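Notes to accompany the following structure.
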Amino acid sequence: MDSKYNPKAFEDRIYDQWTETGSFKATVNPDKEPFTIVLPPPNITGQLHMGHALDQTLQDVLIRWRRLQGYEALWLPGTDHASIATEVRVLKSIEEKEGLTKDDLGRDEFLRRAWSWRDEYGRIIVNQMKKLGSSCDWDRERFTMDEGCNQAVTEFFIKLYEKDLIYKGNRLINWCPDCKTTLSDAEVEHEEKPGHFWHIKYPIKDSDAFLEIATTRPETMLADTGVAVNPNDERYQHLIGKTCILPLVGRELPIIGDTYVDLEFGTGALKVTPAHDPNDFEIGLRHGLEQISCMNDDATMSEDMGKYAGMDRYECRKVLVNDLEAGGYLVKVKDHPHNVGTCYRCHTVIEPRISDQWFVKMDALAKPAINVLDSGDLKIVPDRFNKVYLNWLENIRDWCISRQLWWGHRIPAYYCQSCSKIVVAKEMPDVCPDCGGTHFKQDDDVLDTWFSSGLWPFSTLGWPEKTPELSYFYPTSVLVTGYDIIFFWVIRMVFSALEITGESPFEHVFLHGLVRDSQGRKMSKSLGNGVDPLEIIDQYGADALRFMLATGNSPGNDLKFQVERVEASRNFANKLWNASRFVLMSLDGEVGELSPEDQLTLADEWILSRLNGAVTEITTQLEKFDLGLAANRIYEFTWNEYCDWYIELAKKRLYGEDEAAKQTVKRVLLKVLKDILRLLHPFMPFITEEIWQSIPGIDGMLIRDQWPIADAAMISEKAEKAMDVMMEAIRNIRNVRAEMNVVPARKAKCLVLATDEGIGEILMTQSEYLVTLASCSEVVMAKTKAEVPEDAVSAIVYGAELFLPLEDLIDFEKEKERLEKECKKLEDEVKRVKSKLANQGFVAKAPAALIDAEREKEVKFTEMLEQVRVRLTAVEAKLKG
RNA sequence: GCGAGAUUAACUCAGUUGGUAGAGUGUUUCCUUGACGUGGAAAAAGUCAGGGGUUCGAGUCCCUUAUCUCGCACCA
């Protein structure tokens with residue numbers, strides 16, 4: 001092993017080794033239990049960001065852990081064509097480079113460009129994933145627009161169409177005037193923007209009266225086809241049935257009564273624009289109002305809008321308001337912040353628009369998806385997201401799935417050019433079943449990108465074919481993804497799968513949060529606060545990044561990215577590296593397995609006991625998806641127990657003359673190290689594999705069937721207790737010495753005056769630990785106080801007082817201070833325990849074990865307090881005289 | 001408006017059936033001990049947002065208030 005931890009020196013090599021040996025391959029293997037994760041396919045819009053790194057780290061931890069446990073672990077990778085997002089990006093890039101537009105290119109040329117974009121970014125993404133250490137079965141890599149996925153999409157579309165769950169209809173849809181496509185409700189983001197309330201007078205026909213309406217969107221008045229008031233509104237009910245004249249336009253508008261209108265809001269009178277507002281659309285349907293559209297697909301005013309024709313909607317707004325004012329129709333303008341819908345891709349304000357589109361009927365599909373969560377066949381971690389999931393499904397509206405884009409799955413609907421027949425089929429029909437016509441044209445539109453993503457868990461495993469993979473690996477074990485795409489993706493996978501297979505596509509959904517910058521802001525290109533995972537890997541290594549992402553955070557919560565934490569993780573890797581280097585150097589060849597012949601010392605028993613406890617805890621935590629807690633436990637065990645205590649205590653025997661003892665300590669050192677590598681491997685795969693392969697006598701990789709099983713026989717409460725005594729004694733001696741500023745080189749004799757025989761015995765039996773770790777020159781049992789020299793400081797542990805004759809080095813003022821502090825602490829403890837035990841309720845109701853523990857503490861603390869007080873008195877006397 | 005989350009040490013966050021508050025970073029002091037200064041030792045540092053309640057006992061359960069996020073739905 002290199003003397004320096006340098007991840008760059010081995011991470012790529014190790015990864016290549018894994019792939020060359022086919023270590024990530026999963027096959028249909030009836031002898032093993034499958035564990036399956038299908039990767040949420042990253043969009044091919046660009047490079048991976050820190051959010052992907054988090055997502056993939058969590059998945060890789062789970063996959064690697066299960067693989068170590070002996071499961072047939074399949075992590076199936078792939079990428080998503082990301083219809084709208086990619087189309088926007090590709091067009092932007094072409095426009096920037098060549099100044100060409102979508103229309104300049106034409107559909108075929110555009111698609112050619114998009115595919116080459118996909119090839120380029122697909123490659124980049126795979127390489128990034130490999131850098132991170134993602135252990136995917138690359139032979140099974142898929143793409144949402146590959147042949148298999150295309151088949152799945154067509155099959156599913158036809159299936160739903162035949163079941164009457166897909167229909168085409170003229171509805172008010174969300175339109176992005178910039179992307180020039182429809183959007184589903186889920187794709188519209190609401191943003192609060194400052195706006196105004198314009199109060200406008202609408203003259204009533206054949207009278208001098210006016211009806212005052214209030215609107216935030218005056219430009220849409222050009223498409224008004226009615227005015228509504230609440231039928232219970234005493235101010236206006238007499239007007240119902242009468243007619244308004246639309247200012248500037250002159251169109252007659254019926255005044256209708258509809259309880260939708262809020263009496264308190266605005267003026268209580270509402271202009272109704274069915275073709276530009278979802279609520280107005282509904283009102284219009286109820287009252288048979290005309291639907292007039294006043295805009296083009298780019299949100300400019302349409303040609304029949306007179307002087308306003310061709311104006312952008314906001315420009316039109318200004319001009320129109322001026323005209324209203326000039327005409328005396330404008331009553332007042334008030335500030336009115338309100339939420340507007342925007343496109344989730346380009347953030348252009350959505351224009352509701354009536355259009356002939358394809359929809360998925362949601363009612364029948366939503367119910368099974370609700371049931372599957374209620375029944376427990378699908379479990380969301382953390383479960384607080386159940387509400388989000390259910391709430392959305394319970395209020396779901398039909399899903400608009402057609403998009404006026406080119407990049408995506410073209411809708412498998414064919415229109416007969418001779419009659420109005422629509423044929424939904426896998427391929428273009430030859431003859432029209434209705435009219436016998438032979439000319440068909442395929443629908444120009446493509447499907448919502450999430451329509452194909454919804455099939456991802458099974459389309460990737462072969463559906464609609466009945467493949468062995470599908471029956472073995474599916475349903476999958478867990479879906480790991482961000483809570484931000486529950487609506488877009490998770491729910492759609494669930495109802496699609498239920499519709500097709502009747503089963504939930506995964507047993508668990510494990511949700512994580514967003515990665516934010518160190519100030520808690522969303523990482524974004526526009527803010528420029530994104531951190532490139534590759535740069536971090538380059539600087540600190542993939543293991544450090546992974547460890548950082550997996551810790552310091554609990555499931556479902558956002559994670560602030562802090563370089564300091566990556567650094568801390570790197571330091572941990574470095575610690576492990578050096579500890580391993582030390583152990584491996586000490587081994588000096590193969591040492592064999594630990595056997596009953598080996599004479600274990602207290603430290604051996606202790607570390608083995610701690611190790612086995614940790615194995616159980618870590619396994620349980622992983623089972624509960626508490627990856628952060630599991631990682632922390634490994635960190636703690638490795639650094640604070642193995643390195644800080646065990647290795648330090650092992651040195652004495654390692655450098656000693658006793659050959660048998662030497663072999664034993666080597667075996668324990670190695671056994672624990674190996675288990676550390678096993679436990680840590682899911683989190684830090686590279687360094688653990690690299691070290692593993694450096695172990696003498698190991699041939700083969702760490703990658704599978706290596707998860708340790710806790711050995712209950714090795715758990716020793718007695719050893720842990722005894723070791724606790726030793727550690728406490730050592731800490732206390734170190735503390736005393738540090739307070740006196742005594743350098744470690746200055747050794748001191750240690751006199752043990754025991755009040756508890758058992759404790760005294762432990763201290764004396766293990767006295768060499770005090771020599772090794774607490775700078776004691778020798779440890780001697782004192783029978784009485786008289787044997788203790790006057791110029792000594794004492795370290796008090798329960799059951800014994802340890803005297804260090806430091807003579808002239810003792811600063812009695814400091815010692816007094818220290819003892820006073822100690823005294824205060826113990827007094828507080830005694831007080832607390834005493835009052836607790838004096839509490840009748842506690843004694844009557846608390847569990848017996850707890851009461852016993854408190855009683856023990858009472859005795860212990862009282863005794864220790866007494867000792868400290870005696871010492872304090874002595875020191876005070878010394879200072880005076 | 002409905003829902004969720006957050007509020008714990010200077011900072012970032014853990015805290016699993018209620019049983020004397022933890023980590024990392026930072027701070028202070030000391031240590032060139034033969035794995036590691038990306039290190040070792042010691043220390044200081046918290047009324048667990050406020051208020052009520054249940055309980056022998058509450059960071060943890062219930063109610064409530066405040067502040068901050070984030071979803072969903074919106075009154076035109």
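Letters go in sequence order (proteins before strands), and every chain restarts at 1. For clarity, every value in this text was computed on a predicted model and none was experimentally measured.
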Using purine N1 to pyrimidine N3 plus N6-O4 or O6-N4 for Watson-Crick, or N1-O2 and O6-N3 for G-U wobble, both under 3.5 Å, which nucleotide pairs with [N]?
{"N": "B:U27", "result": "B:A43"}
{"N": "B:U60", "result": "none"}
{"N": "B:C13", "result": "B:G22"}
{"N": "B:C72", "result": "B:G1"}
{"N": "B:G34", "result": "none"}
{"N": "B:A6", "result": "B:U67"}

Without decimals, in angstroms, what is the distance between [X] [atom1] and [N] [atom2]?
{"X": "A:Leu587", "N": "B:A35", "atom1": "CG", "atom2": "P", "result": "14 Å"}
{"X": "A:Asp2", "N": "B:A35", "atom1": "CG", "atom2": "C1'", "result": "14 Å"}
{"X": "A:Gln519", "N": "B:C11", "atom1": "CD", "atom2": "C1'", "result": "13 Å"}
{"X": "A:Phe385", "N": "B:C72", "atom1": "CZ", "atom2": "P", "result": "13 Å"}
{"X": "A:Tyr389", "N": "B:A4", "atom1": "OH", "atom2": "P", "result": "19 Å"}
{"X": "A:Glu189", "N": "B:C70", "atom1": "CD", "atom2": "P", "result": "12 Å"}
{"X": "A:Arg384", "N": "B:A6", "atom1": "CZ", "atom2": "P", "result": "6 Å"}
{"X": "A:Arg565", "N": "B:A23", "atom1": "CZ", "atom2": "C1'", "result": "10 Å"}

Indicate, with a heavy-atom threshold strictly under 4.0 Å, whether [X] touches base, sugar-phosphate, or nothing.
{"X": "A:Ala568", "result": "sugar-phosphate"}
{"X": "A:Tyr483", "result": "nothing"}
{"X": "A:Val583", "result": "nothing"}
{"X": "A:Glu636", "result": "nothing"}

In whole Å, measure the gap between the [atom1] atoms of [N] and [M] for me.
{"N": "B:C72", "M": "B:G53", "atom1": "P", "result": "39 Å"}
{"N": "B:U60", "M": "B:A10", "atom1": "C1'", "result": "25 Å"}
{"N": "B:U25", "M": "B:A41", "atom1": "P", "result": "12 Å"}
{"N": "B:A49", "M": "B:G59", "atom1": "P", "result": "10 Å"}
{"N": "B:C61", "M": "B:G18", "atom1": "C1'", "result": "8 Å"}

From C-beta outward on [X], which listed nucleotide comes closest to its side chain: [options]?
{"X": "A:Lys387", "options": "B:G3, B:A35, B:A76", "value": "B:G3"}
{"X": "A:Tyr655", "options": "B:A35, B:U20, B:A76", "value": "B:A35"}
{"X": "A:His336", "options": "B:U20, B:A35, B:A76", "value": "B:A76"}

A correct 5'-to-3' footprint of nucleotides 36-47 of chain B, with B, S and - meaning base, sugar-phosphate only and no protein heavy atom under 4.0 Å, is B-BSSSSSS---
Just by protein heavy atoms under 4.0 Å, how would nucleotides 13-19 of chain B read 5' to 3' in B, S and -?
SSSB--B
So, [X] and [Y]: side-chain donor and acceptor under 3.5 Å apart, yes or no?
{"X": "A:Glu192", "Y": "A:His338", "result": "no"}
{"X": "A:Lys860", "Y": "A:Thr862", "result": "no"}
{"X": "A:Ser694", "Y": "A:Arg581", "result": "no"}
{"X": "A:Tyr236", "Y": "A:Asn230", "result": "no"}
{"X": "A:Glu617", "Y": "A:Thr620", "result": "no"}
{"X": "A:Asn640", "Y": "A:Tyr635", "result": "no"}

Along RNA chain B (nearest heavy atom to each residue), the more 5'-positioned of A:Trp392 and A:Ile647
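Nearer the 5' end of the strand: A:Ile647.
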Pick the closest RNA chain B nucleotide for A:Ala269 and for A:Asp185 by heavy atoms, then say which residue is nearer the 5' end.
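The answer here is A:Asp185.
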With A:Arg217 as the cation and A:Trp198 as the aromatic partner, state whether NZ or CZ is under 6.0 Å from the six-membered ring centre and within 45° of the axis.
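Not satisfied by the 6.0 Å and 45° rule.
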From A:Asp558 CG over to A:Arg516 CZ, what is the distance, rounded to the nearest 0.5 angstrom?
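It is 4.5 Å, given to the nearest 0.5 Å.
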Looking at A:Arg565 and A:Thr551, would you say the former's side chain and the latter's main chain have a donor-acceptor pair under 3.5 Å?
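Between the backbone of A:Thr551 and the side chain of A:Arg565 there is a qualifying donor-acceptor contact (under 3.5 Å).
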Quick one: are the ring centres of A:Phe572 and A:Phe547 less than 6.0 Å apart?
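That pair passes the under 6.0 Å test.
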So for A:Arg832 and B:U20, does any side-chain atom that can act as donor or acceptor lie under 3.5 Å from a complementary atom in the base?
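Such a pair exists between side chain and base.
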Please name all residues satisfying side-chain hydrogen bond (donor to acceptor under 3.5 Å, both in side chains) with A:Arg818, sequence neighbours left out, ordered by chain then number.
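Here the qualifying residues are A:Glu815.
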